[in-house]
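One structure is given here, and the rest of the page talks about it.
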Amino acid sequence: MNFNSDKAIFLQMADRLCDEILAGTYKDDDRVPSIREYAVLLEVNTNTAVKAYEELSRANIIYNKRGLGYFVTPGAKQQILTERKQTFMKEQLPELFRQMRLLGITLEDVKVAHDMQQLRP
């Protein structure tokens with residue numbers, strides 16, 4: 001995984017696991033990779049992975065079954081969707097619309113560009 005410097009690595013790891021939950025890789029009550037497995041997979045220190053899992057556990061996205069590992073909390077996918085939509089609407093969308101205004105891009109321009117993307121193989 002390529003990490004960027006804008007955000008702590010453990011938060012980027014947590015985001016990645018959330019992405020995998022959103023994509024359906026892990027569903028309610030599915031076991032997720034162990035901390036050690038995830039650290040090896042992403043080539044990070046185990047302590048960094050521990051922080052990511054602790055963050056997700058605090059947010060009630062995953063839960064620990066002692067001796068068995070971590071599992072996806074039922075309803076986690078909807079919780080992630082709700083939180084990410086709110087963040088997008090508050091943080092990214094206003095900047096997107098500001099840039100569109102500055103560049104003279106209309107919603108119709110976006111629709112045309114989207115339709116053209118759909119036609120590409």
Side-chain angles (χ1 to χ4, degrees):
M1 178 172 173
N2 293 325
F3 297 102
N4 64 51
S5 60
D6 295 345
K7 195 176 200 181
I9 290 175
F10 80 94
L11 292 175
Q12 292 177 63
M13 290 178 67
D15 285 346
R16 178 185 166 135
L17 194 53
C18 286
D19 289 347
E20 291 170 345
I21 292 169
L22 288 176
T25 304
Y26 305 109
K27 296 175 179 39
D28 289 355
D29 292 313
D30 279 356
R31 185 182 176 282
V32 296
S34 72
I35 291 171
R36 189 167 280 113
E37 290 168 342
Y38 216 53
V40 169
L41 176 71
L42 300 182
E43 300 175 349
V44 299
N45 184 293
T46 304
N47 292 330
T48 303
V50 167
K51 286 183 183 179
Y53 276 54
E54 286 175 348
E55 179 72 19
L56 292 169
S57 186
R58 265 193 305 277
N60 206 29
I61 301 299
I62 60 174
Y63 64 94
N64 187 11
K65 284 187 182 178
R66 194 164 185 85
L68 296 176
Y70 283 91
F71 296 79
V72 177
T73 303
K77 181 176 182 175
Q78 187 56 50
Q79 179 183 338
I80 296 165
L81 275 172
T82 300
E83 290 173 8
R84 287 200 175 174
K85 283 180 183 179
Q86 288 174 349
T87 300
F88 180 81
M89 297 295 272
K90 285 174 32 180
E91 296 175 12
Q92 293 169 289
L93 199 56
E95 176 60 18
L96 177 68
F97 283 139
R98 186 181 80 77
Q99 288 293 323
M100 287 174 64
R101 271 192 310 277
L102 287 173
L103 299 172
I105 298 171
T106 66
L107 290 177
E108 183 59 31
D109 295 335
V110 172
K111 183 182 179 331
V112 168
H114 177 267
D115 291 346
M116 289 179 73
Q117 284 290 114
Q118 298 296 336
L119 295 176
R120 289 188 180 162

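Side-chain atoms are counted along with the backbone in the values below, which use heavy atoms only and exclude waters and symmetry mates.
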Scan residues 72-85 for pairs that pass side-chain hydrogen bond (donor to acceptor under 3.5 Å, both in side chains), counting only residues two or more places apart or in two chains.
-> D19-R84, Q78-T82, Q79-E83
Please name the pair of heavy atoms, one in [X] and one in [Y], separated by the smallest distance, quoted to 0.1 Å.
X   : Y   : answer
Y26 : V32 : CG-CG1, 4.0 Å
F71 : D29 : CD2-O, 3.3 Å
M13 : A52 : CB-CB, 3.8 Å
G69 : N64 : O-OD1, 2.9 Å

Calculate, to the nearest 0.5 Å, the distance between atoms [atom1] and [atom2] belonging to [X] and [Y] respectively.
X    : Y    : atom1 : atom2 : result
L17  : T25  : CG    : OG1   : 9.5 Å
I35  : T48  : CD1   : OG1   : 11.5 Å
Q117 : D115 : CD    : CG    : 10.5 Å
L42  : I9   : CG    : CD1   : 10.0 Å
L103 : D109 : CG    : CG    : 10.5 Å

Ionic contact status for E55 with R58, cut-off 4.0 Å = yes
Flag yes if [X] and [Y] sit in one hydrophobic cluster, no otherwise; membership is Ile, Leu, Val, Met, Phe, Trp, Tyr, and two members link when side-chain heavy atoms are under 4.5 Å apart.
X   : Y    : value
L96 : V110 : yes
L56 : Y63  : no
L93 : I105 : yes
L11 : I21  : no

In this structure, are over 12 heavy atoms from other groups packed under 6.0 Å from R31 atom CZ?
-> yes
Carefully, step by step, assess E108 and K111 under the rule salt bridge (Lys or Arg N to Asp or Glu O under 4.0 Å).
-> CA-CA 5 Å; E108 183 59 31; K111 183 182 179 331; 5.8 Å; no
Can you name the salt bridge (Lys or Arg N to Asp or Glu O under 4.0 Å) partners of [X], sequence neighbours left out?
X   : answer
K7  : D15
K90 : none
R66 : none
E95 : R98

Does [X] reach the side chain of [Y], with side-chain heavy atoms less than 4.5 Å apart?
X    : Y    : answer
R16  : Y38  : yes
L41  : P33  : no
L107 : M100 : yes

For Y70, what residues pass the ring-ring contact (aromatic ring centres under 6.0 Å, His included) criterion, not counting sequence neighbours?
-> Y53
Counting only N and O atoms by type, is there a donor-acceptor contact under 3.5 Å from the side chain of N60 to the main-chain atoms of A76?
-> no
